[in-house]
Amino acid sequence: MSESALRCRGLQKRYADVVAVAGLDLEVTRGECFGLLGPNGAGKTTTIEILEGLTSPDGGDVEVLGERWGQGRDRQLRARLGIQLQETQLNEKLSVEETLRLFRSFYPRGRRVDDVLGLVELESKRASWVGKLSGGQKQRLAVGCALVGDPELLFLDEPTTGLDPQSRRQLWDLLTRFRAGGGTVLLTTHYMDEAEILCDRVAIVDLGKVIALDTPRALVASLGAEHVVEFRLVDRSLAPTESTLAALPGVRDARPEGDAWALATSEVHLAVPALLDTLRTRGATLSHLTTHSATLEDVFVSLTGRHLRDA
């Protein structure tokens, strides 16, 4: 059996004058959780829909679990996949149990409905109408519908968007249990903390291309700094130049971010006092100063000059 769960080479997709995917390459190993990260409009959803066989590419090659779409085995291949779309529309007048039994009927084999109810922690909602569920419960039910066919490969497109912190954590635990059973996950998200916790490797996608790919730890390490110091001044005209900030002790890189500045550093104890001395010399007054450990968000900003939340 191939160690690759899926791979694509030179993937392309265009909608009229808009290039959604521009020659994208990916390979996901069996048993790993792989994350596609990027802002809205980066091409994540289009890519995942092509890999799922829901959208045809304009160019490139796609292989999923050793099979190719359109070769006469699409039905057999779909039976091996679990798919949770970005917006799953379920019948609100069916109960949770009825919904899972309906989806289970689509597969030649699969899990027991009772087992899936336990997996997604919805046993107490078994008889509840879908329309009466909370947002987090609906998301867990959508993932349950993707799991009821006992898939080898699970596609999740923004599974925790709009969920409260507790509901997000519950879904993270669910995915951890799925992987513990040997499953493979391809996850799209724009939550950097989610990717850092769940994913073995991540690909940062922007404008339809992969602009970085590695483990979360390695991508953060590529910044060459473990911390980021962000500050804002009352009078921005008194800010030091970018070269002056970059030359401060302990500072690896300095970049403007709108009306603020961000300094990448591995030695906060040197960078912050040096910054304060420089601002004092210039007569500048701080209106904001924070420090945080470097994250994938900082990697994205370093690569694109934009924050994911702004993009």
Side-chain angles (χ1 to χ4, degrees), residues 1 5-6 28-36 45 48-49 51-54 64-65 67 74-92 94-130 133-163 166-189 191 194-195 197-200:
M1 182 180 293
L6 65 84
V28 178
T29 303
R30 289 178 186 265
E32 79 171 328
C33 181
F34 190 96
L36 279 182
T45 295
I48 205 171
E49 287 179 349
L51 298 175
E52 292 165 344
L54 301 178
V64 180
L65 298 176
E67 306 272 4
D74 287 9
R75 185 180 181 86
Q76 292 88 335
L77 179 54
R78 291 190 194 283
R80 302 168 66 189
L81 307 179
I83 296 175
Q84 180 258 326
L85 302 174
Q86 193 172 92
E87 294 185 12
T88 303
Q89 300 296 327
L90 300 173
N91 190 321
E92 298 198 343
L94 291 180
S95 71
V96 168
E97 181 177 1
E98 289 169 338
T99 300
L100 287 173
R101 291 195 182 282
L102 173 64
F103 275 77
R104 173 61 185 86
S105 71
F106 300 154
Y107 297 91
R109 64 180 181 85
R111 296 173 178 262
R112 295 174 60 247
V113 168
D114 286 347
D115 293 341
V116 176
L117 282 168
L119 186 63
V120 298
E121 300 180 359
L122 288 175
E123 299 102 322
S124 64
K125 297 294 181 179
R126 175 192 297 267
S128 299
W129 284 1
V130 171
L133 300 180
S134 69
Q137 291 165 345
K138 286 181 179 179
Q139 284 288 71
R140 295 208 304 277
L141 177 57
V143 174
C145 292
L147 291 173
V148 76
D150 196 19
E152 299 172 45
L153 173 59
L154 184 61
F155 290 96
L156 300 175
D157 193 4
E158 305 284 2
T160 62
T161 296
L163 297 189
Q166 181 179 358
S167 297
R168 291 181 71 203
R169 292 283 181 178
Q170 289 172 329
L171 268 176
W172 293 354
D173 291 343
L174 190 160
L175 297 181
T176 299
R177 292 194 295 272
F178 172 73
R179 288 192 59 212
T184 304
V185 179
L186 178 62
L187 170 79
T188 74
T189 183
Y191 293 125
E194 186 164 274
I197 290 170
L198 293 178
C199 298
D200 300 297

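The shown structure was predicted, so the numbers you read here are calculated from the model rather than taken from an experiment.
- At distances below 3.5 Å, at least one donor-acceptor pair connects side-chain atoms of Arg140 with backbone N or O atoms of Val120.
- Rounding to the nearest 0.5 angstrom, the gap separating the CG atom in Leu100 from the CZ atom in Arg111 is 11.5 Å.
- Arg177 and Leu119 make their closest contact through NH2-O, 2.7 Å (heavy atoms, listed as atom of the first residue, atom of the second, distance).
- With contacts defined as side-chain heavy-atom distances shorter than 4.5 Å, the pair Asn91/Val130 does not qualify.
- Distance check, rounded to the nearest 0.5 Å: CG of Leu171 to CD of Glu194 gives 8.0 Å.
- For the atom pair CG (Leu6) and CD (Glu152), the distance works out to 12.0 Å, reported to the nearest 0.5 Å.
- Atom CH2 of Trp172 sits in a crowded spot, with more than 12 heavy atoms from other residues, nucleotides or ligands closer than 6.0 Å.
- Put simply, the side chain of Phe103 does not reach to within 4.5 Å of the side chain of Val116, judged on heavy atoms.
- For the residue pair Thr189 and Ala195, the shortest heavy atom distance occurs at CG2-CB, 4.3 Å.
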Subject >> Gln76 and Glu67: CA distance, side-chain angles, deciding distance, side chain to side chain contact (heavy atoms under 4.5 Å, CB included) verdict >> reply: CA-CA 10 Å; Gln76 292 88 335; Glu67 306 272 4; 6.0 Å; no
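- Counting heavy atoms from C-beta on, the side chains of Arg169 and Ile197 come closer than 4.5 Å.
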**OP:** List the steps and the verdict of side chain to side chain contact (heavy atoms under 4.5 Å, CB included) for Leu156 and Ile48.
**Re:** CA-CA 9 Å; Leu156 300 175; Ile48 205 171; over 6 Å; no
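- Side-chain contact between Lys125 and Leu117: absent, with no pair of heavy atoms (C-beta onward) separated by less than 4.5 Å.
- Two residues are said to be in side-chain contact when any heavy atoms from C-beta on lie closer than 4.5 Å; Asp200 and Arg179 meet this criterion.
- Considering every non-hydrogen atom in both Thr29 and Thr184, the closest pair reads O-CG2, 3.7 Å.
- In this structure, CG in Asp150 is found 8.0 Å from CZ in Phe178, a value given to the nearest 0.5 Å.
- Scored by the salt bridge (charged side-chain N to carboxylate O under 4.0 Å, His left out) test, Lys138 finds Glu92 as partners (sequence neighbours excluded).
- Here the side chain of Arg80 pairs no donor or acceptor atom with the backbone of Val64 at under 3.5 angstrom.
- Taking 4.5 Å as the limit, some side-chain heavy atom of Leu174 sits within range of a side-chain heavy atom of Leu147.
- Within the model, atoms CG of Leu187 and CG of Leu154 stand 9.0 Å from one another, a figure rounded to the nearest 0.5 Å.
- Side-chain contact annotation: Ser167 with Gln139, donor-acceptor N/O pair under 3.5 Å absent.
- Glu32 contributes atom CD, which lies 9.5 Å from atom CG of Leu186 (distance to the nearest 0.5 angstrom).
- The heavy-atom pair separating Pro151 from Ala146 by the smallest distance is CG-O, 3.5 Å.
- Contact record, Arg104 with Tyr107: NH1-O, 2.9 Å, taken as the closest heavy-atom pair.
- For CZ of Arg126, the number of neighbouring non-hydrogen atoms (other residues, nucleotides, ligands) closer than 6.0 Å is greater than 12.
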Subject >> Trace of the side chain to side chain contact (heavy atoms under 4.5 Å, CB included) decision for Thr188 with Glu158 >> reply: CA-CA 5 Å; Thr188 74; Glu158 305 284 2; 3.8 Å; yes
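- Nearest heavy atom pair, residue Leu90 against residue Cys145, reads CD2-SG, 4.4 Å.
- Asp74 is linked by a salt bridge (charged side-chain N to carboxylate O under 4.0 Å, His left out) to nothing, counting only residues two or more places apart in sequence or in another chain.
- Every residue two or more places apart in sequence or in another chain that forms a side chain to side chain contact (heavy atoms under 4.5 Å, CB included) with Glu49 is listed here: Thr45, Glu52, Leu54, Thr55.
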**OP:** For Asp157 and Leu85, run side chain to side chain contact (heavy atoms under 4.5 Å, CB included): C-alpha distance rounded to whole Å, both residues' side-chain angles, the deciding distance at 0.1 Å, then the answer.
**Re:** CA-CA 5 Å; Asp157 193 4; Leu85 302 174; 5.7 Å; no
